[in-house]
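Single-structure report; data block below.
In this chain, residues are counted from 1 in sequence order.
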Amino acid sequence: MSTLELRPDISPVPQVVKSKRMPPVIRGILWSAIGFLVINTLISYVLDPRYGHPFITQVSVTFGWFAAMVGWVLGVGAWEGAVLPAFGHHGTLYTAPGWKRFFEYSTEHKVIGLQYIGSSAGGFFIAGLAAMLMRLELMNNSMWLFNYPQQYLTTVGIHGTIMMFSVGTVALVGGLGNYLVPLMIGSNTSAFPRMSGISVLLVPFGIVTVALSPLLGYWSTGWRGYEPLASQDPSGILFYYLGVFALTLSSLLVSINLTATVIFKRAPGMTWGRLPMFAWGITTVSLLNIIWLPEIQLTFVMSLVNRLVPLPLFTATGSPLTYMELFWLFGHPEVYIVVVPALALWQEIIPVMTRKPLFARQWGVIGLIFVMMLSGFVWAHHMFTNMRNVEMMPFSFFTEMISIPTGFAYLVALGTLWRGRLKFNTVSLLVLMSMFNFLIGGMTGVFLADPIINLQAHDTFFVVGHFHYTIIGGMVFSWLAAMYYWLPKMSGRMYNERLGKIGAIWIFLAFNLTFSQFFLLGLHGMNRWVSVYPSYLQPMNFETSIFAFLLGLGFLFHLVHIWWAWRAGQKAEGNPWESKSVEWITASPPAEESFPVIPRIVSSTYTYDNDEPAVIIPSDGKRVATTS
């Protein structure tokens with residue numbers, strides 16, 4: 001064990017002052033518009049031989065988009081907060097009181113975490129609105145809401161893209177990870193706060209980019225952007241590539257930051273054997289992001305260049321399957337990037353609610369690590385229809401195999417629940433619902449790993465049902481449980497227990513009544529990506545849409561309830577759950593400096609079989625950081 005004394009930061013620190021100048025978001029939008037117009041005009045009128053006819057071309061809009069992204073990030077505050085200090089200048093960083101600080105550049109990990117959560121929630125409801133439009137269209141077996149199939153397919157693509165890349169990969173890692181991990185390990189800051197402050201600004205920019213893609217034309221590839229199909233689409237597909245690039249870049253930066261934070265910022269006594277399970281989950285997912293996000297980003301860059309130059313990378317003269325292979329190399333680890341933090345949340349919350357030590361903690365850690373290691377060996381089961389029989393077996397084997405370490409995490413949660421004195425509240429209810437939903441998703445995933453079943457169910461609503469049970473049923477329900485659990489820490493106020501339980505039961509019933517029918521629709525021959533289907537499927541589609549609308553209203557109910565509780569809920573105790581975790585020894589909500597004195601961890605934070613404290617505050621008040 002080595003002990004490192006913390007020394008004063010000698011790098012230039014921007015002076016924080018209150019200012020009457022333009023609000024950061026308005027300035028960011030203005031700088032973004034100026035950047036786009038300048039670069040787009042330069043390319044259209046100077047570099048394009050057609051001299052501005054048309055004013056917006058594929059090349060000009062691509063370079064203009066990059067200029068707009070840089071203008072947005074700098075305008076919101078990164079110019080004073082990150083760029084000027086990097087060159088030795090003492091910038092003047094704009095700051096606003098109260099809620100306004102969440103709409104500007106910040107280096108405080110708690111503010112950044114809430115900015116991520118807010119951006120993901122916004123993306124969730126934009127994607128949810130797209131889903132409601134899809135279900136509205138599918139209430140009838142003919143085109144009646146949209147005029148053309150491309151409009152429906154673009155809506156499908158916007159829904160899936162925003163949901164996966166701004167909610168699935170961001171809400172738990174960027175949001176809860178940024179807010180909670182430094183608190184959980186006893187640190188006042190993250191490892192790279194300036195980089196983290198920039199990364200969160202990319203999320204709303206990426207969401208807006210994808211949402212505005214129809215302005216350049218409808219695209220028909222869904223959230224996967226398949227080539228060579230994408231090469232036949234209008235220019236709207238460019239905003240798919242660029243929007244996802246911004247979102248994945250944000251996830252990559254936050255993953256680097258959180259990995260370094262866990263490695264180098266742990267408080268004295270916070271050994272790897274005492275590291276909270278949520279921190280373990282974030283670490284394994286961050287490593288997955290660091291491994292696989294550059295791969296998918298390169299794939300999108302290749303697709304972008306393939307269209308702009310153009311190049312024959314994904315055509316008949318190249319390889320039509322290359323893009324599909326490159327996409328699913330990332331696409332299936334992506335599922336575990338979404339799910340692993342949810343598994344870790346179960347293991348974080350259940351010991352507190354049952355007042356029991358975490359069962360078989362080491363097996364839970366092993367499960368998270370082996371899920372990370374095996375996730376890159378299962379991707380080709382999405383391509384069984386394009387493979388020879390002999391090629392299917394290894395991927396089928398590893399897909400079956402990954403259920404074993406996933407089962408470790410599940411059994412750790414079940415073992416902790418066994419004979420525990422479970423507090424039956426909104427938090428525990430949502431966790432149990434998440435476990436049930438994920439069990440359905442996992443079981444149907446095992447079926448789809450079998451080539452015989454996969455070849456029959458491929459590209460049907462059976463696959464869509466499995467996917468939503470895993471992602472929405474597992475991850476989003478866990479996200480809601482975590483928001484209710486840490487709401488007293490974040491806001492200092494408590495939610496209404498009765499309303500929370502009503503909302504939990506509401507979305508659980510609506511979710512299962514919606515997506516359980518997806519399995520039946522798939523078995524009856526309902527293909528995904530279609531807006532016109534055989535008439536015998538209309539009654540079930542109509543019924544499914546009704547339940548989907550109820551589900552959307554249920555999620556809106558939770559948003560309003562959490563917002564109300566944050567603003568006007570009853571004031572909460574400092575540690576309402578009587579948890580032994582490090583984050584609960586701070587004020588609620590925490591001050592800018594969470595720990596005036598860095599704590600010392602003396603035992604596991606999951607030892608609920610005795611009254612011994614797991615965390616103590618050193619009386620000497622020395623600020624030290626320990627790495628092991």
Heavy atoms of other groups near [X] [atom1], more than 12 under 6.0 Å:
X    : atom1 : value
F447 : CZ    : no
M143 : CE    : yes
W563 : CH2   : no
F103 : CZ    : no
Y218 : OH    : no
F146 : CZ    : yes
Q456 : CD    : no
L455 : CG    : yes

Please tell me if the side chains of [X] and [Y] come closer than 4.5 Å, counting only heavy atoms from C-beta onward.
X    : Y    : value
W566 : L487 : yes
F555 : I472 : yes
S213 : W219 : yes
I56  : N40  : yes
L176 : M490 : yes
L509 : N512 : no
M302 : N306 : no
Y241 : T62  : no

Looking at [X] versus [Y], is the centre-to-centre ring distance below 6.0 Å?
X    : Y    : result
F205 : W65  : yes
W346 : Y410 : yes
F377 : F397 : no

Give, for atom [atom1] of [X] and atom [atom2] of [Y], the distance between the pair rounded to the nearest 0.5 Å.
X    : Y    : atom1 : atom2 : value
E227 : I237 : CD    : CD1   : 7.5 Å
L212 : I158 : CG    : CD1   : 8.5 Å
T460 : L523 : OG1   : CG    : 7.0 Å
M392 : D450 : CE    : CG    : 10.5 Å
F511 : M433 : CZ    : CE    : 12.0 Å

task = Using salt bridge (Lys or Arg N to Asp or Glu O under 4.0 Å) as the criterion, list what pairs up with R135, not counting sequence neighbours.
result = none
request  = Go through the steps for L417 and M435 under the test side chain to side chain contact (heavy atoms under 4.5 Å, CB included), then give the verdict.
outcome  = CA-CA 12 Å; L417 284 168; M435 293 177 64; 4.2 Å; yes
key: All ring pair (Phe, Tyr, Trp, His ring centres under 6.0 Å) counterparts of H332, not counting sequence neighbours   = Y336, H381, H382
Consider only side-chain N and O atoms of [X] and [Y], and report whether a donor and an acceptor are under 3.5 Å apart.
X    : Y    : result
E325 : Y323 : no
H561 : Y484 : yes
S428 : N425 : yes

task = Using the test side-chain hydrogen bond (donor to acceptor under 3.5 Å, both in side chains), find all partners of S119 that sit at least two apart in sequence or belong to another chain.
result = none
task = Tell me, with the steps shown, if V61 and S235 meet side chain to side chain contact (heavy atoms under 4.5 Å, CB included).
result = CA-CA 10 Å; V61 78; S235 300; 6.0 Å; no
key: Residues F327, W223; criterion ring pair (Phe, Tyr, Trp, His ring centres under 6.0 Å); working and verdict   = CA-CA 11 Å; F327 181 87; W223 73 278; 5.4 Å; yes
task = Mark yes or no for whether W72, through its side chain, and L201, through its backbone, hold a donor-acceptor pair below 3.5 Å.
result = yes
query = Distance-only, no hydrogens or angles: does the E348 side chain make a donor-acceptor pair with backbone N or O of F278 under 3.5 Å?
reply = yes
ask   = Taking it one step at a time, do F300 and Y240 satisfy ring pair (Phe, Tyr, Trp, His ring centres under 6.0 Å)?
value = CA-CA 9 Å; F300 289 144; Y240 163 80; 5.6 Å; yes
query = Relative to the ring of F330, is the ring of F165 parallel (under 30°), tilted (30 to 60°) or perpendicular (over 60°)?
reply = parallel
Pairs satisfying salt bridge (Lys or Arg N to Asp or Glu O under 4.0 Å), at least one member in residues 390-403, at least two apart = R388-E391
Which atom names give the shortest non-hydrogen contact between [X] and [Y], and what distance separates them?
X    : Y    : answer
S434 : G474 : OG-O, 2.8 Å
A449 : S396 : O-OG, 2.8 Å
I162 : I126 : CD1-CG2, 3.8 Å

message = Could you go through V167 and M475, starting from their C-alpha distance and side-chain angles, then the distance that decides it, and tell me whether this counts as side chain to side chain contact (heavy atoms under 4.5 Å, CB included)?
response = CA-CA 10 Å; V167 180; M475 175 263 170; 4.3 Å; yes
Pairing residues for T57 by the side-chain contact (heavy atoms from CB on, under 4.5 Å) criterion, not counting sequence neighbours = D48, R50, P54, V59, S60
query = Taking only residues two or more places apart in sequence or in another chain, which ones pass side-chain contact (heavy atoms from CB on, under 4.5 Å) with M324?
reply = Y226, L321, W328, M383, N386
